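Notes to accompany the following structure.
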2 protein chains.
Amino acid sequence: MSIEKDLFKLKPIAYTTMADQVENHLREYIIKRSIKPGDPIPKETEIAQALGVSRNVVREALSRLRMLGMIESRKKRGMILTQPDVMKGLELIIHPTILDEHVRKQLFELRLVLEVGLGDLLFRRKSEEHLKKLDAIVEREHKATTQIERIRCEVDFHSTLYEMAGNETLKRFQDILMPVFEYVVEYESKLDHTSVGSVTHADLVKILYSNNAEAYPNAMRKHLMPHLDHL
Amino acid sequence: MSIEKDLFKLKPIAYTTMADQVENHLREYIIKRSIKPGDPIPKETEIAQALGVSRNVVREALSRLRMLGMIESRKKRGMILTQPDVMKGLELIIHPTILDEHVRKQLFELRLVLEVGLGDLLFRRKSEEHLKKLDAIVEREHKATTQIERIRCEVDFHSTLYEMAGNETLKRFQDILMPVFEYVVEYESKLDHTSVGSVTHADLVKILYSNNAEAYPNAMRKHLMPHLDHL
DNA sequence: GCTTAATATTAAGTCTTACATATTCACCTA
DNA sequence: TAGGTGAATATGTAAGACTTAATATTAAGC
């Protein structure tokens, strides 16, 4: 009897709807035929007939791909494959209030890892313009009087670093994750803030002005140490 | 005349379908009401009636959320919110053959950044077990005779590092991106391989055995230098 | 003959209805 | 009380009709 119950519990996992299957068929179709962005894909009715399902089901599958930015459709021209934004899917899921504490923490760790490792991209792609922008932020931070203003500078500083790295995908990744971090930052700001890292933003900028790429990772590690110690 | 044509080109961008709107409504609904995983959401017919659209349109929107793992549905129990896998959306989009060269390169850079920054997680969470696993891989690599076997060791080594980091989200991120990297690795393997980084896998393991977290980032940088120089 | 305007065609978007299927709940019998 | 039977219910699937917008074709005008 208990075995039968266990089997029942397994059943829903293996369950796939027609829409799921059509979605997979379409993915395979695109890959196998190596269809490129701009190329047309078959009409809804053609797909429905070819796979022996209702147009309804096909539309559900197409709707999913369209949401991810994999296809676009025009009223008569039919549908075409598009170059998807790789981070689109992430953006669609991530919302701070839905994610649980555990995942939020893991994403924050991910951020720390990224910033320590960012050095080589920064030194290869830094520009006068970016460095001056960082200078301005440090200046603003010094003059800041309220906690809110300081946190804004904090966010601006680190966002500018990602911008400097000259990697759009990475920047986009950061932009998507930012709202999650803001929650953590708020949490951290309530903690003892005298234990701030011994390396300041100004110190980091100084290193970036130099050509000493070796110094960056450990400087950033020290800067982030208050956060790292919380792991 | 040309102005009219330009306007035409802008038109489709603003276009949103009913399914898009319902999807957004549902997202808002979930957030505003702070619905938690396990909580039920309204029936398809209720949503359709409330928003004044057909059940068909509602199903398209729900289908999208279901694909992302945000909701699950049982035949009679209705639908419930689920804790989504944050990396699910990424997994659904990323396929090496669809991504263009430019994006693939950016993702590879992302990987390099991650591995250099990984140190602190590794030193905090390393275990005897993991270190021994790394030892075994280094051993295997020494004995390897074919290029294929060497590449497999390379992949195993770095995958084990992510495993050691003790961050499931990060590991999953790496697993999803791996197929993209394999393409790049294959490409790189055709290049001059005498210019391999001066720091070997064995050196990295030695550092991990020590408690010298400061040494890690620059060691990994040197190890990855052949790749970094290609940026 | 060429351009312009009206019309037809096409494919996606939407709506309605109907039925299938699986799960829950309540009733009802042994 | 246990267990089986059937009704109720919500999702899954199918089919047909209509709307809308973009393209293709034809017709009209010069």
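To find a chain, count down the sequence lines: A is the first, B the second, and so on, and within it residues start at 1. Not measured: the values here are computed from a predicted model.
Following rounding to the nearest Å, B/Glu72 (CD) and C/dT23 (C1') show an atom-to-atom distance of 15 Å. One interatomic measurement links the two molecules: CD1 of B/Ile71 to P of D/dA10, which rounds to 16 Å at whole-angstrom precision. Nucleotide D/dA14 holds its P atom 11 Å from the CG atom of A/Leu51, rounded to whole Å.
Ring to ring, B/Phe157 and B/Tyr162 are not that close: their centroids are 6.0 angstrom or more apart.
Between B/Asp120 and the choices A/Glu109, A/Arg221, A/His227, the side chain to side chain contact (heavy atoms under 4.5 Å, CB included) rule is met once, by A/Arg221.
For the residue pair B/Asp156 / B/Ser159, no side-chain donor-acceptor distance below 3.5 Å is found, with atom types taken as modelled. In summary, the side chains of A/Ser63 and B/Arg64 do present a donor paired with an acceptor at a separation below 3.5 Å, with no hydrogens or angles considered.
Other residues, nucleotides and ligands place more than 12 heavy atoms under 6.0 Å from the CD atom of B/Gln21.
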For nucleotides 8-16 of chain C, give me one character per nucleotide, 5' to 3': B if any protein heavy atom sits under 4.0 Å from the base, S if the only such contacts are to the sugar-phosphate, - if neither. -BBBBBBBB
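The closest donor-acceptor contact from the side chain of B/Asp39 to the backbone of B/Lys36 lies under 3.5 Å.
Shortest non-hydrogen contact noted between A/Pro42 and A/Met79 is O-CE, 4.0 Å. Taking all atoms of both residues into account, the shortest heavy-atom contact from A/Leu118 to A/Tyr216 is CB-OH, 4.0 Å.
Where the helix from C/dG1-D/dC30 to C/dA30-D/dT1 starts and where it ends, the local axes point in directions that differ by 20°; five pairs per end, rounded to 10°.
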